[in-house]
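The structure appears below as structure tokens.
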Amino acid sequence: MSEFLHSRYRALSPYVPGEQPRDRSYIKLNTNESPFPPSDGVLSVINRQAVSDLRLYSDPEALVLKEALASEYGVGRENVFVSNGSDEALYFAFMAFSEDGIAFPDITYGFYRVFADLLHIPAKLVPLREDFTIQPGEYEDIHMAVVIANPNAPTGILLSTDEVERIAASNPEHVIIVDEAYIDFAGTGASCVPLIGKYRNLLVVQTFSKSRSLAGARVGYAIGDEALIRDLETLKFSVNPYNVNRLSMAAAAAAVRDRDYYQETSSWIVENRDFTEQGLRRMGFEVLPSKANFVFARTTRMDGAGLYHGLKERGILIRHFDSERIREYNRITIGSRENMERLLAAIEALLA
Ligand SMILES: *Cc1c(COP(=O)(O)O)cnc(C)c1O
């Protein structure tokens with residue numbers, strides 16, 4: 001730390017992304033990326049002309065992308081905010097809507113705690129039940145903003161739209177942020193987007209990083225009442241009006257249009273998830289019921305850190321969180337069938 005750093009940030013402990021090691025090539029099952037490439041439509045819009053156009057700024061109104069998303073989700077253009085990864089939309093939402101503090105589960109996406117610290121927002125951590133499910137009643141009449149990852153990370157457990165609706169209905173004076181990064185793996189009817197017309201305080205955040213195979217493009221979005229979206233725009237235009245670059249904007253709009261391809265790749269991942277869950281259970285693992293593109297699992301035959309290190313030595317990366325309630329677990333991204341077969345074989349060898 002330099003002596004120049006503002007005292008406000010001296011104690012900040014930043015988010016720790018999943019490792020991206022370069023010492024050898026790994027089967028990467030640690031950051032929930034897609035094993036599938038982006039669609040043909042995406043590949044075709046990233047061409048010489050698009051690169052040549054990089055001399056121009058990107059559209060600060062993000063019209064083409066907002067229109068594609070609005071028509072995909074059956075909302076108005078004015079209900080859509082686009083961001084540099086959904087992390088940025090979440091950051092602006094924390095900034096905008098957490099004046100009275102923000103509540104979230106004790107075990108969830110690590111960025112929520114970091115954003116609260118960074119912005120000096122009082123955070124209320126609400127413990128998950130013993131089985132790692134969210135207790136929705138704990139968020140009713142809570143008198144502060146709420147953020148819930150749904151499906152939750154790293155558990156993969158889904159909360160029903162009815163339960164989210166009750167939370168939104170009981171807190172009309174505060175914004176309920178639903179982070180749906182993994183919703184495309186959760187089946188039909190799981191998303192809260194259809195509720196945004198009914199609840200002015202509901203903001204749904206999604207991303208192109210997981211189901212749409214564009215993690216490296218950094219594009220996310222939020223869908224909500226027009227007034228909430230205008231607030232996010234005010235913050236964006238006060239920080240970085242060109243927050244999404246031209247290539248990523250074009251790639252994302254093409255990805256929205258290639259719905260069929262992504263429905264197909266997402267359903268393959270769901271199939272591979274079932275296959276992986278069954279394989280792990282056969283070896284005696286306890287696997288939480290996941291609706292995401294990862295599973296969260298533990299075994300009494302080896303401790304969590306041991307499994308992580310053992311697999312890493314065998315060229316397979318998974319994610320281990322060294323924190324109290326979840327130390328015995330590992331989060332395993334669902335990849336291609338071939339990679340999941342290699343994972344299961346490596347675990348079998350380790351346990352033998
Ligand atoms: C991966 C993830 C995000 C998405 O991050 P991007 O900035 O869109 O890549 C957001 N929330 C959760 C819970 C995630 O796991």
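When a ligand or atom number is given, it counts from 1 through the structure's own listing order.
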message: Quick check on Arg246: does its CZ atom have over 12 non-hydrogen neighbours (other residues, nucleotides or ligands) under 6.0 Å away?
response: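 Count over threshold, so yes.
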- request: Report yes if the distance between the aromatic ring centroids of Tyr109 and Tyr112 is under 6.0 Å, otherwise no.
  value: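 Distance test on ring centres: under 6.0 Å, yes.
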task: Could you name the protein residues that come within less than 4.0 Å of ligand 1, counting only heavy atoms, and order them by chain and residue number?
output: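 Residues Gly85, Ser86, Asp87, Tyr109, Asp179, Ala181, Tyr182, Thr207, Ser209, Lys210, Arg218 each place a heavy atom under 4.0 Å from ligand 1, listed by chain and number.
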Does the cation-pi check pass for [X] over [Y], that is, NZ or CZ under 6.0 Å from the six-membered ring centre and within 45° of its axis?
X      : Y      : result
Arg331 : Phe296 : no
Arg212 : Phe208 : yes
Arg337 : Phe275 : yes

- request: Look at Glu165 together with Lys198 and state whether they make a salt bridge at an N to O cut-off of under 4.0 Å.
  value: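 Salt bridge flag = yes for Lys198 with Glu165.
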